[in-house]
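A, B, ... follow the sequence lines: proteins, then strands. Residue 1 opens every chain.
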There are 2 protein chains.
Amino acid sequence: MNVSAASALNLHGFTAGVLPANCPTRTVLDHVTSKWGVLVLVALSQETLRWGELRRTIEGISEKMLASTLRTLEADGLVHRDAHATIPPRVDYSLTGLGRELADRLLPLMHWISANASDIVGRPAE
Amino acid sequence: MNVSAASALNLHGFTAGVLPANCPTRTVLDHVTSKWGVLVLVALSQETLRWGELRRTIEGISEKMLASTLRTLEADGLVHRDAHATIPPRVDYSLTGLGRELADRLLPLMHWISANASDIVGRPAE
DNA sequence: CGGTATCCCCCTCGATACTG
DNA sequence: CAGTATCGAGGGGGATACCG
């Protein structure tokens, strides 16, 4: 292992060379990499969106999973919920400061995946 | 939406403001954000590891899930498998060029998560 | 050591229906 | 419009046993 590789794994709370199981990092990683977590964060990285806009932006998400994903991310302090007591009701979702920091790390990942996805999935079957 | 925000969503294959369902990007995202995908890629980002080392590094992973995750990532061309016909057998796993590019986007994310995880999970319960 | 095969539980997720 | 409630199927994933 060279020096830069060693420092790359010098993650806060990670023992050298081990990815521990009982660690808040695992929990957050599970929330973010839950089936819809990344997509919600990426969608909100562009702009504040209403519930219905979010649902249309993220094709294929069910109401139940959108609600549940938003609740988890809100409880984690990554997403801010702003409910207006109007008729019809209006609820805006946006990223918190923490959420924006996270999204800034997620966007390069998404860009790379979307640029390379066809090379990856399009490979000859086994 | 400002200009930088608009360009940020200018993802290859993504229609403006929409995250499409039937898209290779979703498939790759699912593979990477499968329960163990990120952890395997991060572990291998440090160095080539043998099966047993990988199993010990990623605490809590079962043999079945390690095998299954490695097979998926190998089929995606992200991980390289190098089997030596020795006794006892020895199998080395490493990242391919593609896998390294991906890991380079994953490491900043993991660093941020591990640095902020306790702030996130440690919030007061609802 | 480095796997594969099998069983089976649980939990995620989708569908549907309903409400403020 | 913006949700919540309930139900049920499916498969992700763990435990165990076995093989080259």
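Distances were taken from every side-chain heavy atom of S62(A) (C-beta onward) to each of dG3(D), dG14(D), dG14(C); the shortest belongs to dG14(C). Distances were taken from every side-chain heavy atom of V91(B) (C-beta onward) to each of dT4(C), dT4(D), dG3(C); the shortest belongs to dG3(C). Set against dG13(D), dA2(D), dG14(C), the side chain of W51(A) has dA2(D) as its closest nucleotide. Looking at the side chain of A67(B), the nearest of the listed nucleotides dG14(D), dT4(D), dT4(C) is dT4(C).
Between the NE2 atom of H84(A) and the P atom of dG3(D) there is a distance of 11 Å, given to the nearest Å. Put simply, CG on L54(B) is 10 Å from P on dG2(C), counting in whole angstrom units. Rounded to an integer number of Å, the gap from CG of L66(A) to P of dA2(D) is 10 Å. Distance CZ (R71(A)) to P (dG3(D)): 10 Å, rounded to an integer number of Å. Summarising the geometry, the separation between CG on L39(B) and P on dG13(D) is reported as 12 Å, rounded to the nearest angstrom. Atoms CZ (R81(A)) and C1' (dC1(D)) sit 12 Å apart, rounded to a whole Å. To the nearest angstrom, P of dT6(C) lies 18 Å from CE of M65(B). Distance K35(B) NZ to dC13(C) P: 12 Å, rounded to the nearest Å.
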**OP:** List the steps and the verdict of side chain to side chain contact (heavy atoms under 4.5 Å, CB included) for V40(A) and L66(A).
**Re:** CA-CA 8 Å; V40(A) 166; L66(A) 178 56; 4.3 Å; yes

**OP:** Go through the steps to decide whether T48(A) and D82(A) satisfy the test side chain to side chain contact (heavy atoms under 4.5 Å, CB included), and finish with yes or no.
**Re:** CA-CA 10 Å; T48(A) 296; D82(A) 188 12; over 6 Å; no

Subject >> Stepwise side chain to side chain contact (heavy atoms under 4.5 Å, CB included) test for E59(B) and N22(A) >> reply: CA-CA 9 Å; E59(B) 285 190 357; N22(A) 294 330; over 6 Å; no

**OP:** Begin with the C-alpha distance, continue with both residues' side-chain angles, and end with the deciding distance and a verdict on side chain to side chain contact (heavy atoms under 4.5 Å, CB included) for V79(A) and L41(A).
**Re:** CA-CA 8 Å; V79(A) 163; L41(A) 291 167; 4.3 Å; yes

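The residue R55(A) sits apart from the nucleic acid: no heavy atom pair falls under 4.0 Å.
OP1 and OP2 of dG3(C) both lie 4.0 Å or more from every side-chain N or O belonging to R90(B). The phosphate of dG2(C) has neither OP1 nor OP2 within less than 4.0 Å of any side-chain N or O from R56(B). For R50(A) and dC1(D), the shortest distance from a side-chain N or O to OP1 or OP2 is not below 4.0 Å.
Mapping S68(A) and P88(A) onto DNA chain D via the closest heavy atom, the residue that lands nearer the 5' end is P88(A).
Sorted by first and then second residue, the side-chain hydrogen bond (donor to acceptor under 3.5 Å, both in side chains) pairs with a member in residues 91-110 of chain A read R81(A)-Y93(A), H84(A)-D92(A), R90(A)-D92(A), R100(A)-D104(A), E101(A)-W112(B); sequence neighbours excluded.
Within the 4.5 Å cutoff, side-chain heavy atoms of L44(A) are placed close to those of L54(A). Between L29(B) and M110(A) there is a side-chain heavy-atom pair separated by less than 4.5 Å.
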Pick out the pairs of N or O atoms, protein on one side and nucleotides 16-20 of chain D on the other, that lie under 3.5 Å.
none

